[in-house]
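I have placed the structure first, in the form of structure tokens, so that the comments after it can refer back to it.
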Amino acid sequence: MSLDLQTFEHDVLVIGAGGAGLRAAIEAASTGVRVGLLCKSLLGKAHTVMAEGGVAASLANVDDRDNWRVHFSDTMRGGQYLNNPRMAELHAQEAPARVRELEAWGALFDRTHDGRILQRNFGGHRYPRLAHVGDRTGLEMIRTLQDHGIHAGIDVHMECTVLELLKDGERVTGVLAYDREHGRFRVHRARAIVLATGGIGRAYKITSNSWEYTGDGQGLAYRAGADLMDMEFVQFHPTGMVWPPSVRGILVTEGVRGEGGVLKNKEGRRFMFDDIPDNYKNQTADNEEEGWRYTQGDKEARRPPELLTRDHVARCINREVKAGRGSPHGGVFLDIAWIKEKLPNSVEHIKKKLPSMYHQFHQLAGLDITTTPMEVGPTTHYMMGGIRVEADTQMSRVPGLFAAGECAAGLHGANRLGGNSLSDLLVFGKRAGEHAAKFAKQQKGGSIDEAHVETSVKRALEPFERPTSGGENPYAVQHDLQEMMQDLVGIVRTEEEMRKALEGLAKLEDRARRVHVDGNREFNPGWHTALDLENLLTVSRAIAMSAIERKESRGAHFREDFQAKSDAFSKFNHVVRRGSDGSMQLAREPLPPQSDEHKQIIAEMK
Amino acid sequence: MTNATFRIWRGDAKGGEARDYVTDVTEGMVVLDAVHQIQAESAPDLAARWNCKAGKCGSCSAEINGAPRLMCMTRLEELPLDEPVTIQPMKAFPSIRDLVSDVSWNFAVKKRIKKFTPRPPDAADGTWRMAQVDVDRVQEFRKCIECFLCQDVCHVLREHSKHDEFIGPRFLVYAAALEMHPLDVADRLGDLKDDMGIGYCNITKCCTKVCPENITITDNAIIPLKERVVDRFYDPVHALVRLFKR
Ligand SMILES: Cc1cc2nc3c(=O)[nH]c(=O)nc-3n(C[C@H](O)[C@H](O)[C@H](O)COP(=O)(O)OP(=O)(O)OC[C@H]3O[C@@H](n4cnc5c(N)ncnc54)[C@H](O)[C@@H]3O)c2cc1C
Ligand code: SF4
Ligand code: SF4
Ligand code: FES
């Protein structure tokens, strides 16, 4: 087959233009290397744009007791100590500087009375720590990075999807991609590659994630020989919209609870007071009045139980619904309107603090959140697991292959705290960019594996060539996968159901090999959906396999058949890699050791 | 269950036609849901852009029954369903395929605008102090999700194709956000007059009407910028002062 391929040359190639990818590209470009940036959508549309609540950094502008040590210990506690402690340390130490840097690049965060960056409360953070802009922090962040990045000499290729990583021996040397507009294939050569492709939410039916989140980075890295770690830990955000059906899953920011919103069942009871985990008892209010005072900045007050970690709140909601105490459409009530009892100007206040939530419910559900409680339920939100990387450099096991942001693993352990993702993107995006550039400078250009390119192109075109009759519809395969993962590997898991999921996956993998698409290669979403299936199936299998083997409940992973936390499972991470026969292998890797300082901080702040 | 007909433009830069698709309608559905259903049922290769499905990314812009709107924020309940709902791509930009238009011009325009240039930090630790009231005004402009619906509706671009001379309302909002940024010290007034063509805007306010983020584009961004330009370049007293200052 003679291939008419466009080729491009870079020193560092960044895949993904969310917060992590943009930050990495900016950093790499600042060292003078040639940087390319590929993304599936247009610039500024990546998932980061949707983040609402804020970015976590111990600036201590609102509460001067905050510092990196507290942030570190909060992150470790939230992650149930499966986190990579060195990553948690770097993250807590460097987040403040990364946030201030955004301000120097034009970001305009909400202000304190004395003109500094304002910070808000969020689940699991001991002090008000989230720098924010109303409830559109992600937009502010991505636009700031985008507007800064377009003047940094980065070679941006929008609406290009990477299909395969290409290697020369052990090392990555480029990628095969196609442009969505024409469906033409292209090769980008690079000496170092940064994956910043985001999450996997599209493996589930109810999700806050967009079509882009098909686990591409995880799938690409896995096929190239990298490790995937902690894949059992999928975060279900407690509050997604549940009604009307077409908006099911769309996120309702935790900021609603941070501003004083409360959760109630249909009996009007604040059920979150009924179940406060022991390790959070000291920090949690035991009455409604104290909880309210906390949200209004009273430093003596403890946080209301609505602001416990996401895994816990999601399970409590699940329990209420299952027990028949839910709202009419299978959720519970989230009420911010009640604050009118406390604040005379509550309507204006809510609109000012939560403008896009106001807008979202008003337009999509015909509901006014300043007067009426919302109905909410859990939604698939975030992937804690992902590509296993070295803490300081973000390099994976594959030389020259780096990963940052949601597609990388390590920082969040078994559960991520809200606001810790945006800071993750900045801290580790920068580090990945810096170390990728350094790595690139030390390499000579490698060669491109043409045979690999050829077979990959051929495979990508197969869906057009398969006969229509007996062919599978890619949308139907994707849909069935989402239903199955939602039902069998969701918030509450059992061995039996997950075994069924593995069987189901084998069938779906088989169906995916028979997918047929119509039309031509130009901007054809049916074809794109078909091509996304492989990565979706890879991450789904990795999730199910890892989840079956973790025979305990910890963080976001909850087993009905093993409801307690188990000491035996507190000492390792699950790692998934491709075996020499091409099958998926699961291994236990001991946790990275905690330094004496780490241990000391954790003990102090227990 | 009821159904509705959607008359969707299918084609590319070479031409095309509107085709009818019938699909079921359920409670709370938005136009983008209908497009997705049609893709899954009968037109798998129907090209459309979207990401967030919550009015936050500005990807799904189209002309629905002739009005520029976000598909993900337009509920079917607002539209008369006894007649076909027409969905067309944004007309002020070249067609790529079906509902996808080529908006690359917008990205090129932005690059031409002088970038953010802050004054030196106020505090020794490298930070600045800004009052919320001074930030409020600019935060309104920074709500922009770059859906380019305002660009689509502006007659200077849409009817007169002044893409080379006029940057359009979106980028006047962007320039306003920079000019009114409490920290920014760069000067873009000369560029606004010449390169950005602010004079082409004759304040019809069509852009403001379609903005899904409810940014008061004309009154809060364009008119104050026009005033600044006039003050600088056309006010005789000012011109004199400037002459002496040289
Ligand atoms: C609704 C919502 C609200 C949130 N709110 C918060 C919050 O308040 N605080 C917080 O900290 N976190 C929040 N999060 C989480 C956070 O937004 C995400 O985890 C984070 O933005 C991920 O950023 P990223 O840079 O890793 O990836 P993304 O921003 O998702 O970017 C991924 C990029 O990779 C590209 N890409 C993917 N696959 C390919 C491929 N094959 N080829 C080429 N390009 C590819 C995409 O096009 C995209 O540009 C929220 C998430 C959601 C969904
Ligand atoms: S007010 Fe100006 S920018 Fe807006 S649509 Fe009218 S002419 Fe265009
Ligand atoms: S100003 Fe409004 S209409 Fe124009 S691009 Fe921005 S959000 Fe869209
Ligand atoms: S899909 Fe994001 S604005 Fe419509």
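This structure is a prediction, so every number in the text was calculated from the model and none was measured.
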| Basic-acidic side-chain contact under 4.0 Å: B:Lys56, A:Asp135 |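 Not counted as a salt bridge, because no side-chain N and carboxylate O are separated by less than 4.0 Å.
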
Considering only heavy atoms, which portion of [X] lies under 4.5 Å from any heavy atom of chain B: side chain, backbone, both, or neither?
X	answer
A:Trp243	side chain
A:Gln478	neither
A:Asp110	both
A:Ala476	neither
A:Tyr213	neither

Is it the backbone or the side chain of [X] that comes under 4.5 Å from a heavy atom of chain A, or both, or neither?
X	result
B:Ala40	both
B:Leu46	backbone
B:Ala43	neither
B:Asp136	side chain
B:Pro120	neither
B:Leu32	neither
B:Val100	side chain
B:Asn214	side chain
B:Asn51	both

Taking side chain as C-beta onward, heavy atoms only, is [X] less than 4.5 Å from [Y]?
X	Y	value
B:Glu78	A:Gln363	no
A:Gln146	B:Phe107	yes
B:Arg97	A:Asn520	yes
B:Asp134	A:Arg111	no

How long is the span from the [atom1] atom in [X] to the [atom2] atom in [Y], to the nearest 0.5 Å?
X	Y	atom1	atom2	result
B:Cys144	A:Leu139	SG	CG	8.0 Å
B:Asp125	A:Arg116	CG	CZ	8.5 Å
B:Met73	A:Leu364	CE	CG	4.0 Å
B:Asp98	A:Glu522	CG	CD	10.5 Å
A:Asp114	B:Met130	CG	CE	12.5 Å

| message | Under a 4.5 Å cutoff for heavy-atom pairs, which residue among B:Val30, B:Leu178, B:Asp45 has the most contacts with chain A? | response | B:Asp45

| note | Counting heavy-atom pairs under 4.5 angstrom with chain A, the leader among B:Met29, B:His181, B:Lys53, B:Glu77 is B:His181

| request: Please say which of A:Lys45, A:Glu212, A:Met50 ends up in a side-chain contact (heavy atoms from CB on, under 4.5 Å) with B:Cys52. | output: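 Answer after filtering A:Lys45, A:Glu212, A:Met50: A:Met50.
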
Tell me which of these, [options], has more heavy-atom pairs under 4.5 Å with chain B than the rest.
options	result
A:His47, A:Glu140, A:Arg100, A:Glu52	A:Glu140
A:Val247, A:Ile250, A:Asp147	A:Asp147
A:His148, A:Met158, A:Arg180, A:Gln360	A:Met158
A:His479, A:Lys352, A:His182, A:His113	A:Lys352

| message | Counting only heavy atoms not in A:Lys205 (residues, nucleotides, ligands), do more than 12 fall under 6.0 Å from its NZ? | response |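 Open: at most 12 neighbouring heavy atoms sit under 6.0 Å from NZ of A:Lys205.
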
| Just wondering, are more than 12 heavy atoms of other shown residues or ligands nearer than 6.0 Å to NE2 in A:His362? | no

Heavy atoms only: give me the nearest [X]-[Y] pair and the separation to one decimal.
X	Y	value
B:Gly28	A:Ser246	O-OG, 3.0 Å
A:Phe523	B:Arg49	CZ-CG, 4.2 Å
A:Glu103	B:Phe116	O-CE2, 4.0 Å

| Distance-only, no hydrogens or angles: does the A:Tyr475 side chain make a donor-acceptor pair with backbone N or O of B:Gln39 under 3.5 Å? | no

| said: So does A:Pro244 get a backbone contact from the side chain of B:Glu27, meaning a donor-acceptor N/O pair under 3.5 Å? | reply: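 Absent.
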
| query | Under 3.5 Å, is there a donor-acceptor pair between the A:Thr144 and B:Arg142 side chains? | reply | yes

